Amino acid sequence: MTEDWIKEAAKQIQEKLSYVAKRNAHKVPYTTKNGVFDDWTDNITWWTNGFWGGMMWQLYHVTKDKLYQEIAKELEEKLDRNLMDPEGMDHDSGFKWLLTSVANYRETGNEESHRRALLAACNMAGRFNPAGNYIRAWNDWGNKEKRGENAGVAIIDCMMNLPLLYWASEQTKDPRFYHIAVRHADTVIKHFLREDGSVIHIGEFDPYTGEFLRSVGGQGYAHGSSWTRGQAWALYGFTLSYLHTKKEKYLECAERIAGYFMKNIPENGLIPVDFCQPKECTWEDSTAAAIASCGLIELAKAVGTKEKSPYYIAAVKMLRALYENRCDWSLETDAIIQKCTAAYHDKEHEFTIIYGDYYFIEAIWKLTEQELFLW
Ligand code: GLY
C-alpha cells in the first residue's frame with residue numbers, strides 16, 4: 001500500500017509543475033536565483049541540459065497535458081546545437097538524449113528523435129578507448145595547449161550514460177554499442193570499485209598503453225574520500241547495467257555499493273556531500289539522496305522483494321526525509337528540492353539543481369508506479 005505522504009508528494013509535484021512549466025516554457029534551467037529558474041540556452045552543451053526535458057516527459061506521461069510535450073520538444077531541438085560541436089559532445093550524452101530524444105521516441109514514436117539519439121550514441125561509442133577499455137569522459141580539443149590532457153580520463157558518472165548505448169544496440173541490432181558499454185562497466189569494476197563497496201570518482205589511464213595510472217580526487221572532499229553523488233551514480237548505474245545485460249556481476253556490484261551507501265545514511269536520512277567530509281561540516285547534497293533512492297528502488301525490484309527489501313526501505317527513508325525537510329512546495333518559486341551541491345570545493349553549496357528535482361520526481365513516480373522508464 002502506498003503511504004499517504006507519497007500520494008501527497010505526487011499530487012504536489014503535479015500541482016507545482018503545472019505553474020512552473022508554463023512560466024519557464026522556453027528556458028533550459030539549471031538552478032534558481034531568488035526562486036526563479038535561470039536559462040542555459042546560450043550554454044547548450046552543459047551536461048545537465050536534458051533534465052528539464054526529462055521532467056517534462058515524466059509529467060506528460062502522467063497528465064497527457066500537451067504543454068509538457070511541447071516544452072520538451074523545444075528543448076530537444078535546442079540540444080541539436082551539440083550535435084554539430086565536437087567539443088560539446090562528451091560522455092554525458094546519456095543524460096542529454098535519453099531524457100529528451102529517447103523519451104520522445106518512446107512516448108510518440110518520433111523518427112527524428114530516434115535519429116538524434118542514434119547519432120548521439122554513435123558519438124558516445126566513438127569515445128571508447130580500446131587500449132584501456134574505457135569511455136573517455138571530457139574533451140580538451142578547444143585549447144591547443146591542453147590537447148590530450150583528458151584523453152585518459154574516465155569518471156564514475158559515466159555508468160549512468162551507458163543505457164544510451166544499450167538502447168542503441170537494441171534499436172539497431174548492432175551489438176557494438178553493447179560491447180562498448182559492457183567493457184567500460186568491467187573496467188569500472190576493476191579500477192573504480194573499492195574493497196568496502198565505495199567507488200572513486202576519477203580514474204586516469206595511459207591513453208596509448210591503456211595502463212591504469214591513478215585515481216584523483218574529484219567533486220568530493222579529498223582523494224580517497226567518498227563523494228556521495230558518485231556513489232549514487234555507481235549504485236544506480238550498475239543496477240541499470242544489470243537490468244540491460246542480466247549479468248549477475250553487475251547486480252553484485254550494485255548490491256555492494258548499495259550496502260556501503262546504506263551503512264552511511266545518517267539517522268536523519270539527509271545525505272552529506274561526501275561520506276568522509278569532516279564531522280563539523282554540515283553541507284548536504286540532496287541530489288545524491290534522490291539519485292541513490294531511484295537506484296535502490298530499482299535494485300529492490302531486481303532482487304524480487306520490493307517493499308520488504310532493505311533497499312526499498314532505505315530509499316523511502318531518504319525520500320521521506322527530502323519530502324519533510326527539503327521540498328519547497330510554494331507555487332511562486334520554481335525548484336522543489338533544496339540543498340543540492342555540485343562539488344565540495346566549489347564556492348557555493350546547498351542550492352537548487354535541476355537534476356535534484358528530476359530524480360525526486362522519478363523516484364516518487366516509481367513509488368506510485370506511474371514512471372516513464374527512460375534509462
Ligand atoms: N556528472 C557530473 C556531476 O555529477 O556533477
Side-chain angles (χ1 to χ4, degrees), residues 28 30 44-58 72 75-76 79-80 82-83 85-86 88-106 113-129 134-139 153-172 174 176-185 187-188 192 199 201 229-230 232-245 250 254 287 290-292 294-295 298 353-355 358-359 362 371-375:
V28 183
Y30 170 65
I44 202 63
T45 59
W46 183 231
W47 74 277
T48 67
N49 286 347
F51 287 103
W52 176 238
M55 282 165 63
M56 295 300 101
W57 283 115
Q58 294 295 355
L75 179 134
E76 182 185 344
L79 288 179
D80 280 358
N82 288 262
L83 295 169
D85 177 2
M89 298 294 291
D90 56 28
H91 77 121
D92 281 326
S93 288
F95 289 125
K96 286 182 192 161
W97 281 282
L98 284 166
L99 300 182
T100 55
S101 299
V102 174
N104 191 349
Y105 181 67
R106 284 189 207 271
S113 299
H114 192 261
R115 286 195 289 274
R116 280 192 180 102
L118 281 184
L119 204 55
C122 288
N123 182 282
M124 187 177 160
R127 304 185 70 80
F128 181 69
N129 185 333
Y134 64 89
I135 293 171
R136 174 181 172 159
W138 302 312
N139 301 319
V153 175
I155 68 173
I156 194 67
D157 322 30
C158 190
M159 287 304 300
M160 280 304 291
N161 290 311
L162 299 185
L164 181 65
L165 300 180
Y166 295 128
W167 176 84
S169 257
E170 190 195 292
Q171 293 295 312
T172 57
D174 181 340
R176 288 176 304 154
F177 302 98
Y178 172 95
H179 289 313
I180 287 172
V182 161
R183 290 225 204 150
H184 179 86
T187 299
V188 171
F192 285 59
V199 291
H201 180 196
R229 193 161 63 253
W233 292 141
L235 196 175
Y236 198 4
F238 272 109
T239 305
L240 292 168
S241 271
Y242 170 69
L243 294 179
H244 286 285
T245 65
Y250 298 149
T287 73
I291 297 159
C294 288
E298 288 303 325
I353 304 185
I354 194 72
Y355 49 88
Y358 173 80
Y359 284 103
E362 184 183 301
E371 178 201 8
L372 170 65
F373 190 78
L374 293 177
W375 306 102

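Not measured: the values here are computed from a predicted model.
- Note that the CG atom of N49 and the CH2 atom of W97 stand 9.5 Å from one another [nearest 0.5 Å].
- In terms of modelled atom types and a separation under 3.5 Å, the side chain of T239 and the main chain of L235 share a donor-acceptor contact.
- In this structure, G50 and L75 approach most closely via the heavy-atom pair CA-CD2, 4.3 Å.
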Original post:
Given T172 and F177, is the side-chain contact (heavy atoms from CB on, under 4.5 Å) satisfied, shown in steps?
Top reply: CA-CA 9 Å; T172 57; F177 302 98; 3.7 Å; yes
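- Remark: the backbone N or O of M124 is not paired with any side-chain donor or acceptor of S93 at under 3.5 angstrom.
- Between I354 and M55 the shortest side-chain heavy-atom distance falls below 4.5 Å.
- Not less than 6.0 angstrom separates the ring centroid of Y355 from the ring centroid of F95.
- Separating the CG atom in L99 from the CH2 atom in W52 is a distance of 13.5 Å, to the nearest 0.5 Å.
- The line from SG of C294 to CD1 of I291 is 8.0 Å long, rounded to the nearest 0.5 Å.
- Between A120 and M89, the closest heavy-atom pair is CA-CE, 4.1 Å.
- Judged by distance alone, with hydrogens and angles left aside, the side-chain atoms of Q58 form a donor-acceptor pair with the main-chain N or O of L372 at under 3.5 Å.
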Original post:
Stepwise, does the ring-ring contact (aromatic ring centres under 6.0 Å, His included) test hold for Y30 with F51?
Top reply: CA-CA 9 Å; Y30 170 65; F51 287 103; 9.7 Å; no
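- Counting heavy atoms from C-beta outward, L162 and V182 have side chains that stay 4.5 Å or more apart.
- Partners of A72 according to the side chain to side chain contact (heavy atoms under 4.5 Å, CB included) rule, which considers only residues two or more places apart in sequence or in another chain, are M56, W57.
- Summarising the local packing, CZ of R106 is surrounded by more than 12 heavy atoms from other residues, nucleotides or ligands at distances under 6.0 Å.
- The two residues A117 and V102 have their closest heavy-atom pair at CB-CG2, 3.6 Å.
- A donor-acceptor pair shorter than 3.5 Å can be found between the side chains of H201 and D157.
- For the pair Y105/R115, no side-chain contact is recorded, criterion being any heavy-atom separation below 4.5 Å from C-beta on.
- At least one donor-acceptor pair under 3.5 Å links the side chain of N161 to the backbone N or O of H91.
- To the nearest 0.5 Å, the span separating OH on Y134 from CG on N129 amounts to 4.0 Å.
- Heavy atoms only, all atoms of each residue included: N139 and P86 are closest at ND2-O, 3.5 Å.
- Applying the ring-ring contact (aromatic ring centres under 6.0 Å, His included) test between Y166 and each of H244, H179, H184 identifies H244 as the sole match.
- To the nearest 0.5 angstrom, D90 atom CG is 9.5 Å from W46 atom CH2.
- For Y250 and Y242, the ring centers are positioned 6.0 Å apart or more.
- Between the side chain of N82 and the backbone N or O of L79, at least one donor-acceptor pair lies under 3.5 Å.
- Scanning both residues, S169 and D174, for their nearest heavy atoms gives OG-O, 2.6 Å.
- When every heavy atom of I156 is checked against every heavy atom of W233, the shortest pair comes out as O-CB, 4.4 Å.
- Contact annotation: the side chain of Y236 approaches that of W375 to within less than 4.5 Å [non-hydrogen atoms, C-beta and beyond].
- Judged by distance alone, with hydrogens and angles left aside, the side-chain atoms of D92 form no donor-acceptor pair with the main-chain N or O of T48 at under 3.5 Å.
- Judged by distance alone, with hydrogens and angles left aside, the side-chain atoms of T100 form no donor-acceptor pair with the main-chain N or O of E76 at under 3.5 Å.
- A donor-acceptor contact shorter than 3.5 Å links the side chain of R136 to the backbone of W138.
- Side-chain N or O atoms of K96 include one that pairs as donor or acceptor with a backbone N or O of T45 at under 3.5 Å.
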**OP:** Run the numbers on S101 and H114 for side-chain contact (heavy atoms from CB on, under 4.5 Å), then give the verdict.
**Re:** CA-CA 6 Å; S101 299; H114 192 261; over 6 Å; no
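- Distance CZ/F238 to CE/M160: 12.5 Å, rounded to 0.5 Å.
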